[in-house]
Amino acid sequence: MEENQLKKTERFSWTGTGRYTAKILKYTLLILFALIILLPLFWVTMSSFKTTEEINADAFALPEKFYFENYVNAWNRANMGAYFGNSIFLTAASLALLVVLAVPCSYTLARFKFRGAKMIGLVFMAGLFINVNYIVLPLHIMLFGFGKAIGVGANITNNYFTVIVLYASTSLSFSIYLMNSYFKALSPSFEEAAKIDGCGYFKTFLYICAPLALPSILTVILFNFLSYWNEYILANTFLDTAKSTLPVGLLRIMRESKTANDLGRMYAGLMIVMVPVLIVYACVQGQLTKGITVGGVKG
């Protein structure tokens, strides 16, 4: 009896030790991954407040004093302020157009059965396999030719509206794919209750289903915000220097900074690009995991 009890104690002891070791390993890996992400961010932040001589002397050392002139030079002399405004306008307008198109489209495909619905869904799913970087040149040639045909020439390519439509349309497939599954998972009890209260299809979608799908919509907004904010190929191809976005301007400032030996201005430009992304993610990430529909259906 005592021998069996001893074996059980040893087994439980080994089980506890194994769990403790697994927990240590898990947190060690998490800390390691966090350092891999945070160290480059720390390096860029510190370098943005240094002179070129300090950066060349020791990239990871703290600055002797905070050299804010780097940000002034990047914002004014390198024209990053104008690029910043262009990026905000293009990103906000593209996201607004995307949400207006993708949310009702994904809801319709998820909730209604009609002739051709499966074919439309397959067309949108096929768009997931098309990388916009591969079709930039055909798009430019096609739109330029269309501009010449209607008499506007290059104005149709060097145009904010064109880039906004391209941004929204090229990310439509992914957004519909993501939200379609979310709408399918929503309980039909919400719509049945709305129908009893006299709501039509449009009101049910606008006041019931769309708010319930807010976590999915915010996920789409976050992913596409990162995509639009960091997009380079389309902006560089379709827009001239005066209408350039931050990624295009950042490449120019990197080239100029290396030629002028002004590395501090280059790192300040990098921070101007990164900070809005960090702020948006900090504001949105709490909503991404919030279960709005939990407890919504009783019985």
Side-chain angles (χ1 to χ4, degrees), residues 79-109 120 123-147 150 152 154-180 182 210 213-214 216-252 272-281 283-284 288:
N79 210 27
M80 293 295 281
Y83 298 151
F84 189 87
N86 296 340
S87 287
I88 288 178
F89 172 72
L90 280 174
T91 302
S94 301
L95 286 173
L97 180 60
L98 176 66
V99 170
V100 168
L101 294 175
V103 177
C105 185
S106 57
Y107 174 74
T108 301
L109 291 174
I120 294 172
V123 170
F124 280 122
M125 293 308 101
L128 291 170
F129 301 96
I130 301 175
N131 192 321
V132 66
N133 296 332
Y134 301 147
I135 60 173
V136 169
L137 184 58
L139 281 173
H140 189 274
I141 295 173
M142 181 180 67
L143 289 172
F144 186 78
F146 178 72
I150 63 176
V152 297
N155 289 329
I156 198 170
T157 54
N158 185 29
N159 188 289
Y160 283 136
F161 178 75
T162 301
V163 177
I164 289 169
V165 171
L166 289 175
Y167 277 1
S169 59
T170 52
S171 54
L172 196 58
S173 294
F174 169 75
S175 302
I176 290 175
Y177 172 76
L178 189 65
M179 287 189 289
N180 188 46
Y182 196 93
L214 187 59
S216 179
I217 296 171
L218 288 175
T219 303
V220 167
I221 290 174
L222 178 61
F223 275 110
N224 288 291
F225 170 79
L226 296 173
S227 176
Y228 299 159
W229 189 261
N230 296 317
E231 201 282 323
Y232 173 81
I233 300 294
L234 286 173
N236 188 50
T237 304
F238 283 89
L239 301 175
D240 61 18
T241 304
K243 297 178 181 178
S244 293
T245 56
L246 276 176
V248 180
L250 184 59
L251 183 62
R252 292 178 184 148
I272 291 173
V273 175
M274 287 193 301
V275 166
V277 176
L278 298 175
I279 292 174
V280 168
Y281 180 76
C283 295
V284 175
L288 295 179

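As the structure is a computational prediction, the values presented were derived from the model and not from experiment.
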Mind checking the [atom1]-[atom2] spacing from [X] to [Y]? Nearest 0.5 Å is all I need.
X	Y	atom1	atom2	value
Leu90	Leu239	CG	CG	6.5 Å
Glu231	Asn133	CD	CG	7.0 Å
Phe89	Ser94	CZ	OG	8.5 Å
Asn158	Leu143	CG	CG	12.5 Å
Ile217	Leu222	CD1	CG	14.0 Å
Ser171	Leu166	OG	CG	10.5 Å

### Message
Would you say the ring centers of Phe84 and Trp229 fall short of 6.0 Å from each other?
### Response
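Between Phe84 and Trp229, the centre distance is under 6.0 Å.
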With the side chain counted from C-beta on, respond yes when [X] and [Y] share a heavy-atom pair under 4.5 Å apart, and no when they do not.
X	Y	result
Met80	Val273	yes
Thr162	Thr157	no
Leu128	Phe174	yes
Ile221	Val99	yes

### Query
Tyr83 and Val248: side-chain contact (heavy atoms from CB on, under 4.5 Å), yes or no, with the steps?
CA-CA 8 Å; Tyr83 298 151; Val248 180; over 6 Å; no
Given 3.5 Å as the limit, does a donor-acceptor pair link the side chain of [X] with the main chain of [Y], or not?
X	Y	answer
Lys243	Tyr160	no
Thr245	Ala235	no
Ser173	Phe124	yes
Ser227	Asn224	no
Asn180	Ile176	no

### Message
Is it true that, when you exclude Tyr177 itself, more than 12 heavy atoms of the residues, nucleotides or ligands shown sit nearer than 6.0 Å to its OH?
### Response
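No, OH of Tyr177 has 12 or fewer neighbouring heavy atoms, counting only those of other groups under 6.0 Å.
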### Task
Evaluate whether atom CZ of Phe223 has more than 12 neighbouring non-hydrogen atoms of other residues, nucleotides or ligands under 6.0 angstrom away.
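Not more than 12 within 6.0 Å, no.
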### Query
Under the ring-ring contact (aromatic ring centres under 6.0 Å, His included) test, which residues partner Tyr228, sequence neighbours left out?
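Once residues adjacent in sequence are excluded, the partners of Tyr228 under the ring-ring contact (aromatic ring centres under 6.0 Å, His included) criterion are Tyr167.
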### Task
Show your working on side-chain contact (heavy atoms from CB on, under 4.5 Å) between Arg252 and Asn79 and close with a plain yes or no.
CA-CA 10 Å; Arg252 292 178 184 148; Asn79 210 27; over 6 Å; no
### Option among Thr108, Leu101, Leu109 that satisfies the side-chain contact (heavy atoms from CB on, under 4.5 Å) test with Cys105
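It is Leu109; the other options fail the test.
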When the side chains of residues 135-142 are checked against the rest of the protein, which donor-acceptor pairs come out under 3.5 Å, sequence neighbours left out?
none

#### Entry: Atom of Ala213, atom of Tyr182 and distance for their closest heavy-atom approach
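Heavy atoms only, the tightest pair is CA-CE2, 3.5 Å.
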### Least distance between heavy atoms, Ser175 atom then Ala102 atom
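Nearest heavy atoms, Ser175 then Ala102: CB-CB, 4.0 Å.
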### Query
Could you walk me through whether Ile233 and Val132 pass the side-chain contact (heavy atoms from CB on, under 4.5 Å) check?
CA-CA 9 Å; Ile233 300 294; Val132 66; over 6 Å; no
### Task
List the steps, then state whether side-chain contact (heavy atoms from CB on, under 4.5 Å) holds for Leu251 with Asn236.
CA-CA 10 Å; Leu251 183 62; Asn236 188 50; over 6 Å; no
